[in-house]
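Just so you know, these numbers use all the heavy atoms, side chains as well, and skip hydrogens, waters and symmetry mates.
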Amino acid sequence: MGSFQSPRGTRDILSPEVSYWQWVEATARTQFAQAAYREVRTPIFEETALFARGIGEATDVVGKEMYTFPDRKDRSLTLRPENTAGVVRACIQHSLVAPGNLQRLWYCGPMFRYERAQEGRQRQFHQLGAEVLGSADPRADAEVIALATDLLQRLGLSNLTMALNSVGDGRDRQAYRHALVEFLTPYHNDLDPDSQDRLSRNPLRILDSKDLRTQAIVADAPSILDHLSPDSKSFFDRVQQSLTDLGIAFTLNSRLVRGLDYYTHTAFEIQSSDLGAQATVCGGGRYDGLVEQLGGPSTPAVGWAMGLERLMILLQRLQEPPAMALDFYLVSRGAAAEAQALQLAQQLRRQDFAVELDLSGSAFGKQFKRAARSGAAACLVLGDAEAEAQTVQLKWLTSGEQLSLTQVELLEDVEGLRSRLALAAAALATSA
RNA sequence: GCGAGCGUGGCCAAGUGGUUAAGGCAGUGGAUUGUGAUUCCACCAUUCGCGGGUUCAAGUCCCGUCGUUCGCCCCA
């Protein structure tokens with residue numbers, strides 16, 4: 001072919017679908033505003049070392065999924081594969097993190113990972129995320145998680161489950177890793193090949209292997225929850241209590257492990273069974289060591305990220321897209337009428353009406369057909385006779401009622417029009 | 001990175017080696033030079049993702065390539 005296609009793993013978000021995106025973004029925006037979270041917009045690419053150090057050299061994300069490239073001065077840059085590292089970097093750079101200083105932030109934007117696409121997984125995808133920096137209080141964990149569950153609820157999504165775990169602090173994890181490796185080593189040859197490999201590299205990941213034989217072995221493995229220090233244990237208890245107080249349902253899953261190295265203590269995932277292999281809609285947890293790891297002051301933090309493509313899959317199954325609201329469709333024919341219609345459309349828009357002007361110049365019949373399909377509440381008609389008399393026909397498309405009035409009258413009766421439009425919209429809503 | 005399936009107009013498709021590439025939706029023009037429905041007529045793929053090969057003959061078989069889908073790995 002001679003034409004271009006969007007690159008592998010990327011896609012265009014077109015008209016009916018894009019209204020879901022706008023709806024989700026608008027809902028998130030108000031939700032975050034109500035909880036006093038501020039939006040951050042960080043660069044889409046960062047120094048490669050930021051991700052390598054933040055996410056962890058040994059992780060798959062860093063090891064094989066990053067879009068890394070040299071710029072013209074041979075600096076190594078990387079398209080962000082996630083945004084926590086970038087947000088933390090921004091907070092350090094602008095001194096937003098300091099002892100006793102709390103930052104509540106949210107973001108939304110594209111992320112990039114070089115992976116084979118499948119349902120709910122693309123090379124360019126979008127995440128909505130929340131981060132709280134500077135609080136070691138378990139209520140911060142609960143607040144941030146509640147924001148995620150509330151948002152999903154506002155969007156009308158039920159049928160989601162939340163898995164919760166604690167991976168403890170660094171020392172707890174170290175101890176647990178030992179215990180786990182000790183337990184698994186005798187079964188080495190019975191593990192699936194991937195897990196055999198992970199035994200030395202990243203043994204915790206064996207816990208959520210999808211291989212059935214491995215799962216059977218892991219079923220009797222020691223639980224991380226038995227390896228938590230008293231402090232870690234009590235912290236996790238308080239997180240659970242806070243969630244319960246908020247009426248947020250969760251299932252403890254001691255085998256829940258997250259793939260990024262920076263997580264400590266609380267780890268959670270919100271999952272749907274309607275998503276195929278990519279079940280996680282939202283994942284996050286506490287990352288108390290990351291700020292320091294990236295060169296800032298020791299600062300506790302919690303956060304999560306939500307995969308918007310996955311969210312859209314669920315939303316599109318549940319409900320029709322919100323329709324584009326159009327007040328008037330303007331039909332005209334004849335040189336004088338067309339000129340007046342162009343001006344009338346602009347004047348109405350300045351009064352905050354949504355107006356579509358038919359530019360086809362085709363027969364009235366065709367234009368009316370388009371008017372009916374446009375979803376507009378009313379149609380305005382300008383032909384030779386109207387142009388001559390400076391009038392306009394106003395036709396309500398729901399009832400078919402039509403009246404003639406002067407263009408001046410139309411523009412002066414803004415309040416009357418607005419209430420009629422509200423009625424028409426209500427009629428549409430009940431008929432739908 | 002690995003495994004398997006798929007790729008025919010804007011969309012949904014029939015077609016499984018013989019040829020003039022069905023059909024539906026949408027669109028455009030007209031019947032109807034000023035009113036949304038219905039109906040009717042006409043137009044809408046020198047070509048089947050792209051490149052090569054086999055064959056007298058290829059949308060149909062083979063190879064490659066690109067894209068896509070499902071799964072693995074991994075993650076949101």
Paired with [N] by Watson-Crick or G-U wobble geometry, both distances under 3.5 Å: which nucleotide is it?
N	value
B:G34	none
B:G1	B:C72
B:G67	B:C6
B:G59	none

**Item:** A:Q402 (side chain) and B:U35 (base): donor-acceptor pair under 3.5 Å
**Value:**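 Result: at least one qualifying N/O pair found.
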
Can you tell me how far [atom1] in [N] sits from the matching atom in [M], rounded to whole Å?
N	M	atom1	answer
B:A45	B:C62	P	30 Å
B:C48	B:A22	P	14 Å
B:G1	B:A57	P	38 Å

**Asked** How long is the line joining CZ of A:R116 and P of B:G67, in whole Å?
**Response**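 From A:R116 CZ to B:G67 P: 10 Å.
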
**Prompt:** Is the A:F235 ring parallel, tilted or perpendicular to the A:H265 ring (thresholds 30°, 60°)?
**Reply:**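 A:F235 vs A:H265 ring planes: tilted.
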
**Request:** Answer yes or no for this row: A:F368 ring on B:U35 base, centroids under 5.5 Å, planes under 30°.
**Result:**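 So A:F368 counts as stacking on the base.
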
Just checking [X]: base, sugar-phosphate only, or nothing, at a heavy-atom cut-off of under 4.0 Å?
X	result
A:E386	base
A:V331	nothing
A:G9	sugar-phosphate
A:G383	base
A:L260	sugar-phosphate
A:A371	nothing

**Item:** A:E65, nearest nucleotide to its side chain (from B:C74, B:C75, B:U33)
**Value:**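 Among B:C74, B:C75, B:U33, the one nearest the side chain of A:E65 is B:C74.
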
**Message:** For B:G71 and A:Q118 - does any side-chain N or O of the residue sit under 4.0 Å from the phosphate oxygens OP1/OP2?
**Reply:**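 For B:G71, OP1/OP2 do have a side-chain N/O of A:Q118 under 4.0 Å.
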
**Message:** Please enumerate all residues that pass salt bridge (Lys or Arg N to Asp or Glu O under 4.0 Å) together with A:R349, with sequence neighbours excluded.
**Reply:**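 Salt bridge (Lys or Arg N to Asp or Glu O under 4.0 Å) list for A:R349, sorted by chain: empty.
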
